[in-house]
A.B. asks: 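Take this structure first; my questions come after.
Every number for a ligand or one of its atoms is a count from 1 in the order of the listing. Predicted model, so just to flag it, every value in this text is computed and none were measured. This chain uses plain numbering: 1 for the first residue, then up along the sequence. FYI, side chains are in, hydrogens and waters are out, and symmetry mates aren't considered; it's all heavy atoms of this structure.
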Amino acid sequence: MSKTLSTLNLAERMSRLGTESAFEVLVRARALEASGKDIIHLEIGEPDFSTAPHIIEAAAKALRDGWTHYGPPAGLPQLREAIAEDVGRRRGIRIDPGEVVVTPGGKPIMFFTILALVDQDDEVLYPNPGFPIYESMIRFVGGRAVPYALREDRDFDVDVKEILDKLTDRTRLVIVNSPHNPTGGVMSGEQIEALAKGLAERDILVLSDEIYSRLIFEGEHTSITQFPGMKERTIILDGFSKTYAMTGWRLGFGVMRADLARQVALLMTNSNSCTAGFTQLAGLAALRGDQSCVDQIREEFRRRREVIVQGLNKIPGFRCATPRGAFYVFPNITGTKKSARALAEAILNEAGVACLSGTAFGEWGEGYLRFSYANSVENIRKALERIEGWVSRNCE
Ligand SMILES: Cc1ncc(COP(=O)(O)O)c(C=O)c1O
């Protein structure tokens with residue numbers, strides 16, 4: 001006799017956990033492919049390049065040399081040192097290796113710092129549209145998620161006045177992300193400085209997601225940690241995924257005051273134990289080795305950005321700003337008179353192009369689609385043709 005399964009009684013907090021739809025759309029796109037459809041993937045946020053050979057070789061060597069064991073929860077000392085040196089030099093600040101925690105990808109830094117800092121009903125400000133895991137994690141830990149807007153008419157830069165107006169006695173953390181997913185916007189130095197000034201005197205921390213900091217097309221990356229009093233108040237999230245085309249390796253890190261770093265390491269002890277040692281040695285080779293692979297990736301993205309922005313602007317009902325960083329475009333599609341979700345669905349099912357609805361990044365993403373241009377110029381051109389064909393047949 002077969003046993004009947006009892007009802008699954010999940011903990012209440014699970015009802016507050018969100019998701020990242022890029023992965024869901026990827027699964028659906030792959031299912032369509034399995035049924036024989038030809039799909040062009042512009043949904044997932046990962047560089048399509050291979051990791052540079054010297055990085056792969058460092059990992060292979062580490063495995064051959066016996067790096068197959070547990071290691072320290074906060075990361076290997078030599079990698080923490082290299083990260084402290086690299087992140088500090090690029091931002092013009094002094095970082096101690098004790099302020100670095102290495103994690104499997106940059107994402108756990110979001111998870112761990114929010115878990116470590118945000119209590120029930122504490123308020124956290126986050127960008128909307130923005131990376132969906134911010135809101136998910138804030139709500140999961142019982143915090144109050146307070147969105148601030150990123151608007152097309154400001155080139156998707158933050159409006160610091162709006163952020164400062166939304167601070168209350170309960171605000172614990174402000175999340176910023178520059179260059180920004182999904183819009184490709186980059187915070188201007190003036191806005192970052194204004195935010196730093198507004199926060200410097202207050203007991204509020206900043207989670208600064210700088211995972212795209214090496215993928216900027218004009219000017220230099222500015223980090224809020226460069227402004228007086230802010231290094232101590234900021235957790236930098238960064239990693240190897242986007243910079244060195246290492247998404248599948250799962251290697252990232254956080255930089256934060258040493259007392260918080262110890263707590264985040266404790267969360268590592270309680271969850272992953274440690275990040276894989278051979279992966280960390282690959283990261284060390286990435287930081288210490290030739291950086292031309294990063295330049296090549298950025299220049300190729302720059303070429304693709306021109307193609308996709310120009311192409312989208314030719315499609316009736318689309319209007320696409322030129323993003324200054326990352327590898328996403330966020331065209332306004334209100335001229336098509338379709339909702340973002342309906343349009344993204346139709347483009348996937350009927351035109352064979354996978355992209356994301358702006359609403360996958362929060363409700364203020366309505367009216368926009370997100371395309372990741374981590375695909376060849378040839379495929380981008382083909383995708384543009386397909387979308388244009390679909391729009392001309394189906395929109396007024
Ligand atoms: C804004 C942002 N932060 C963090 C991450 C996570 O990066 P990782 O793959 O290193 O966990 C991503 C990945 O898409 C991202 O877009």
Side-chain angles (χ1 to χ4, degrees), residues 18-26 41-49 51 55 75 79 83 87 100-114 126-138 150 156 158 173-187 206-216 221 223 234-255 264 268 271-272 275-276 279-280 282-283 286-287 294 297 301 323-330 355-356 358 360-362 365 370-374:
T19 189
E20 198 183 338
S21 352
F23 288 104
E24 285 163 15
V25 175
L26 179 67
H41 292 273
L42 300 180
E43 77 279 43
I44 194 87
E46 74 169 335
D48 52 319
F49 313 103
T51 307
I55 302 176
L79 182 61
I83 291 170
V87 173
V100 176
V101 185
V102 180
T103 44
K107 226 181 207 175
I109 294 297
M110 247 170 248
F111 198 107
F112 293 153
T113 53
I114 292 172
Y126 70 101
N128 188 336
F131 192 58
I133 303 304
Y134 305 141
E135 183 183 348
S136 168
M137 279 309 303
I138 299 163
L150 292 178
F156 299 111
V158 300
L173 189 67
V174 174
I175 301 177
V176 291
N177 171 215
S178 176
H180 180 249
N181 179 8
T183 65
V186 171
M187 280 172 81
V206 176
L207 172 58
S208 182
D209 185 339
E210 304 182 14
I211 198 107
Y212 298 100
S213 60
R214 304 273 303 274
L215 288 170
I216 290 198
H221 172 64
S223 168
T234 302
I235 299 114
I236 298 175
L237 179 161
D238 203 340
F240 297 79
S241 301
K242 319 285 176 173
T243 307
Y244 296 99
M246 289 175 72
T247 46
W249 293 70
R250 309 314 299 137
L251 188 64
F253 55 83
V255 177
V264 170
M268 274 294 286
S271 53
N272 300 289
T275 305
T279 316
Q280 294 188 63
L287 289 181
V294 183
I297 289 175
F301 277 140
R324 289 171 53 216
F327 43 82
Y328 308 113
V329 280
F330 203 61
C355 67
L356 299 182
F361 301 89
R370 190 200 78 170
F371 294 89
S372 155
Y373 47 91

A.B. asks: Give the residue and atom name of whichever protein heavy atom lies nearest to atom 7 (O) of ligand 1, and the separation in Å to one decimal.
C.D. replies: Ile211 CD1, 3.7 Å

A.B. asks: Verify whether one side chain among Tyr134 and Asn128 offers a donor that lies under 3.5 Å from an acceptor in the other.
C.D. replies: no

A.B. asks: Could you list the atoms of ligand 1 found under 4.0 angstrom from a heavy atom of Gly106?
C.D. replies: 8 (P), 10 (O), 11 (O)

A.B. asks: Run the numbers for me: atoms of ligand 1, each under 4.0 Å from some heavy atom of Gly105, listed by number.
C.D. replies: 10 (O), 11 (O)

A.B. asks: Taking atom types as modelled, is there a side-chain donor on Ser241 or Glu46 under 3.5 Å from an acceptor on the other?
C.D. replies: no

A.B. asks: Within ligand 1, which atoms have a heavy atom of Arg250 less than 4.0 Å away?
C.D. replies: 8 (P), 9 (O), 11 (O)

A.B. asks: Between Phe330 and Phe156, does the ring centre distance come in under 6.0 Å?
C.D. replies: yes

A.B. asks: Using a strict 4.0 Å cut-off to heavy atoms of Tyr212, name the atoms of ligand 1 that fall inside it.
C.D. replies: 1 (C), 14 (O), 15 (C), 16 (O)

A.B. asks: When you look for heavy atoms under 4.0 Å from ligand 1, do you find them on the side chain of Thr247, its backbone, both, or neither?
C.D. replies: neither

A.B. asks: Need the ligand 1 atom indices (1-based, order shown) with element for anything under 4.0 Å from a heavy-atom of Asn177.
C.D. replies: 1 (C)

A.B. asks: Could you label the plane-to-plane angle of the Tyr373 and Phe327 rings as parallel, tilted or perpendicular, counting under 30° as parallel and over 60° as perpendicular?
C.D. replies: perpendicular

A.B. asks: For the side chain of His180 and the backbone of Pro129, is there at least one donor-acceptor N/O pair under 3.5 Å apart?
C.D. replies: yes

A.B. asks: Under 4.0 Å between a Lys/Arg side-chain N and an Asp/Glu carboxylate O for Lys107 and Glu20?
C.D. replies: yes

A.B. asks: So, do Phe361 and Tyr328 have ring centers that fall under 6.0 Å from each other?
C.D. replies: no

A.B. asks: Considering only heavy atoms from C-beta outward, does the side chain of Leu356 approach that of Val25 to under 4.5 Å?
C.D. replies: yes

A.B. asks: In terms of atom number and element, which parts of ligand 1 are under 4.0 angstrom from non-hydrogen atoms of Ser241?
C.D. replies: 8 (P), 9 (O), 10 (O)

A.B. asks: Checking contacts here: is it the side chain or the backbone of Tyr134 that comes within 4.0 Å of ligand 1, counting heavy atoms only? Could be both or neither.
C.D. replies: side chain

A.B. asks: With atoms numbered from 1 as shown, which atoms in ligand 1 lie under 4.0 angstrom from a non-hydrogen atom of Asp209?
C.D. replies: 1 (C), 2 (C), 3 (N), 4 (C)

A.B. asks: Among protein heavy atoms, which lies nearest atom 5 (C) of ligand 1, and at what distance?
C.D. replies: Phe131 CZ, 3.9 Å

A.B. asks: Return yes or no for this condition: an N or O of Lys107 is under 3.5 Å from an N or O of ligand 1.
C.D. replies: yes

A.B. asks: Kindly determine whether Glu43 and Ser372 satisfy side-chain hydrogen bond (donor to acceptor under 3.5 Å, both in side chains), including the steps that lead there.
C.D. replies: CA-CA 6 Å; Glu43 77 279 43; Ser372 155; over 6 Å; no

A.B. asks: Have a look at ligand 1 and work out which part of Lys242, if any, has a heavy atom under 4.0 Å from it: side chain, backbone, both or neither.
C.D. replies: side chain

A.B. asks: Going by the atom numbers of ligand 1, which of them fall below 4.0 Å from some non-hydrogen atom of Met110?
C.D. replies: 3 (N), 4 (C)

